[in-house]
Amino acid sequence: NGGTGSVNANSYLSFNKGAAIKADGGAWLDLAGTKLTAGKAGGITLASGSAAVAGVPDFSGTLSAYGLEKGGSLTLAVNKINIGAAVTGKNALNLQVSNGGFDIAPNLGFSSISLKSITDDITVKGNTALSLVTQNRVLNNNYRDQAGSDSIAGLSQVAVLTEDLRKPFTLSLNSAAGVTLETGSVIQADKASTVNISASNAGNGVYIDGSIYAQAGKINIGLNAGLAIENNPAQSIWLGTHAYLSTQGTTQFSPVDSLGRTSGKVLGGGSVTLAAQRGYVIMEQGSQIDVSGTSGRLDLPVANPSGFGVQYVSRDVGSNAGSISITAAEGIVLDGGFNAKAGSATNSSGSLSLTLDRNNRNEVIGSIYPSNALAINVVQNTQKTLPANIIFGTAIPDGLAGQATVSSDQVAQAGFADLHLNLPVQTLDQNGQLRPVGAVQFLGNVNLQTSSSIYVDAQTIGWSGLNGSQTGS
């Protein structure tokens, strides 16, 4: 197995061109030459800078962590990170991108890359396109005939495995001050991969106005209350009008066999999780979250009508949709859209879970935070909630505090089969006072339907009329 290499400089790290750190995995062939055991690739960590030192690290050396089956991991931790095709920035690690990959690690075997900003933010510049696919080492056909080699590199070639053999990729962006995906930026991870984005509550949160694709995989976006500091009314996970998050289902085919038959899998929709321990989750009009299923055509074995053996028949195969989970401390604005439709009529549609919860704000004793009763409002018709003059980074109006509104029309149009509305019991606040009891409120005439289940967990469930009405259903 490949080992781990870690270099941590409190001030400045210079990893110049010509230097190399390799954590490649190896392999072992038994004496009979019949059984090959692949070793695991290792991990590399480079860290530079601190709150007191703002230098520009030099990471121009060679890094690699190839494996025969799964690549290794790379972690870079610096004060500030910019990502793009021609990025420049003072006191920042400027990660250039070309041909869909990071120039610092071009096709060098990593299946996990974690980028951390220690004191400042991470920005993926507009129109930057990342395409993240692991490359592996593939043994030469005649590797058994070779006398030996100093490393597995002498017995193999670098290649992209077929999609049925490739392992998923994991990209993590973790920032102390905030993460921004500018308009037109694209993160395209391989099938069944995971994209993690998180920020601490030291800044305004996470702003996404680009696209993230992790088909049949996971997208996790978090705003963490790791610091016990004052309330910031501008804090949020914010999906801008161009934001598109997709874990839509996909196909994963094996190479066509000698008889021209197609085999493989039809993968279901993945999951999208937005969780703000402080602040809001905001979806602007135009933003979209897609966890829908899909369908693909496979050649499937069926019983031969003659009663002997099997024959192969080409058939459409569908997949289930995935799940969307949205949790916030202060409020949720759902002006964007969803797609959670199944891949076929015989598959299951997806689920939506909405939660308001202030229990994890990490509050400062004596400070002031929004304290009104939490409310999830259910209405019939979709209505725009966010005022036109409010943009990311500005204070969110007090009128939205403690509120989330979802419409029956929105649920139906997205195709959700399951809907969960959650208001956990609130603990005492930072000053030891009881928090007010929250409620799920149905407002006006509401016809809320799903194909599977509606789950409401709240201390109070009520109904109120609209425009002064005292009756409704």
Side-chain angles (χ1 to χ4, degrees), residues 2 5-7 9 12-24 41-49 54-67 71-118 120-137 153 157-160 166 169-175 179-182 184-190 193 195-197 210-214:
S6 180
V7 181
Y12 182 83
L13 175 60
S14 180
F15 182 58
N16 296 323
K17 187 175 182 180
I21 301 177
K22 297 184 178 182
D24 303 333
I44 299 172
T45 297
L46 300 178
S48 174
V56 181
D58 181 358
F59 289 168
S60 55
T62 299
L63 305 167
S64 71
Y66 287 110
S73 65
L74 173 64
T75 298
L76 302 178
V78 297
N79 284 347
K80 178 180 174 67
I81 299 174
N82 296 318
I83 301 170
V87 290
T88 58
K90 187 178 180 181
N91 296 328
L93 173 61
N94 298 301
L95 289 178
Q96 308 293 327
V97 174
S98 57
N99 300 318
F102 295 105
D103 286 358
I104 193 174
N107 306 321
L108 292 178
F110 299 105
S111 61
S112 175
I113 293 180
S114 177
L115 304 177
K116 300 180 179 181
S117 66
I118 301 169
D120 212 315
D121 58 9
I122 297 176
T123 301
V124 181
K125 294 295 186 178
N127 301 316
T128 298
L130 282 170
S131 181
L132 304 173
V133 177
T134 300
Q135 290 201 357
N136 296 78
R137 285 210 166 270
Q157 304 294 323
V158 175
V160 176
R166 282 199 308 270
F169 199 97
T170 299
L171 174 68
S172 298
L173 306 178
N174 185 309
S175 171
V179 179
T180 297
L181 270 65
E182 293 183 350
S185 59
V186 177
I187 296 175
Q188 173 84 58
D190 204 3
S193 294
V195 177
N196 300 312
I197 297 176
S211 301
I212 303 175
Y213 296 89

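Throughout, residue positions are numbered sequentially from 1 according to the sequence presented.
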Of all heavy-atom pairs between [X] and [Y], which one has the smallest distance, and what is that distance?
X: Val179; Y: Ser175; answer: CG2-CB, 3.6 Å
X: Phe169; Y: Leu171; answer: CD2-N, 4.0 Å
X: Gly126; Y: Glu182; answer: N-OE1, 2.8 Å
X: Asp120; Y: Lys80; answer: CB-CB, 3.6 Å
X: Thr128; Y: Ala85; answer: OG1-N, 4.0 Å
X: Ala65; Y: Ala41; answer: O-CB, 3.4 Å

Side chain proximity check, [X] to [Y], heavy atoms < 4.5 angstrom:
X: Arg166; Y: Thr134; value: no
X: Asp121; Y: Thr180; value: no
X: Tyr213; Y: Val195; value: no
X: Ile197; Y: Ile212; value: yes
X: Leu63; Y: Phe15; value: yes
X: Val97; Y: Phe102; value: yes

> Taking atom types as modelled, is there a side-chain donor on Ser73 or Ser112 under 3.5 Å from an acceptor on the other?
Replying inline: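 Note: Ser73 and Ser112 side chains miss the donor-acceptor criterion.
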
> Would you say the side-chain atoms of Asn82 and Asn94 include a donor-acceptor pair closer than 3.5 Å?
Replying inline: yes

If you measure from [atom1] on [X] to [atom2] on [Y], what distance do you get to the nearest 0.5 Å?
X: Ser48; Y: Asn79; atom1: OG; atom2: CG; answer: 7.5 Å
X: Ile44; Y: Ser64; atom1: CD1; atom2: OG; answer: 6.0 Å
X: Leu74; Y: Ser111; atom1: CG; atom2: OG; answer: 11.0 Å
X: Leu46; Y: Ile104; atom1: CG; atom2: CD1; answer: 7.0 Å
X: Lys17; Y: Thr62; atom1: NZ; atom2: OG1; answer: 9.0 Å

>> Walk me through whether Ser172 and Ser114 qualify under side-chain hydrogen bond (donor to acceptor under 3.5 Å, both in side chains).
In response: CA-CA 5 Å; Ser172 298; Ser114 177; 4.8 Å; no

Answer yes or no: is there a donor N or O on one side and an acceptor on the other, between the side chain of [X] and the main chain of [Y], under 3.5 Å?
X: Ser131; Y: Gly100; answer: no
X: Asn136; Y: Gly67; answer: yes
X: Thr45; Y: Ser6; answer: no

>> With a 6.0 Å cut-off (strictly less than), is the heavy-atom count around CG of Asn16, excluding the residue itself, greater than 12?
In response: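 Yes.
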
> Can you check side chain to side chain contact (heavy atoms under 4.5 Å, CB included) on Ile83 and Leu115, steps first, answer last?
Replying inline: CA-CA 10 Å; Ile83 301 170; Leu115 304 177; 3.7 Å; yes

> Hey, are Asp24 and Arg137 close enough for a salt bridge, meaning a charged N less than 4.0 Å from a carboxylate O?
Replying inline: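 Looking at Asp24 and Arg137, the cut-off is not met.
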
> Could you walk me through whether Leu76 and Ile81 pass the side chain to side chain contact (heavy atoms under 4.5 Å, CB included) check?
Replying inline: CA-CA 10 Å; Leu76 302 178; Ile81 299 174; 5.6 Å; no

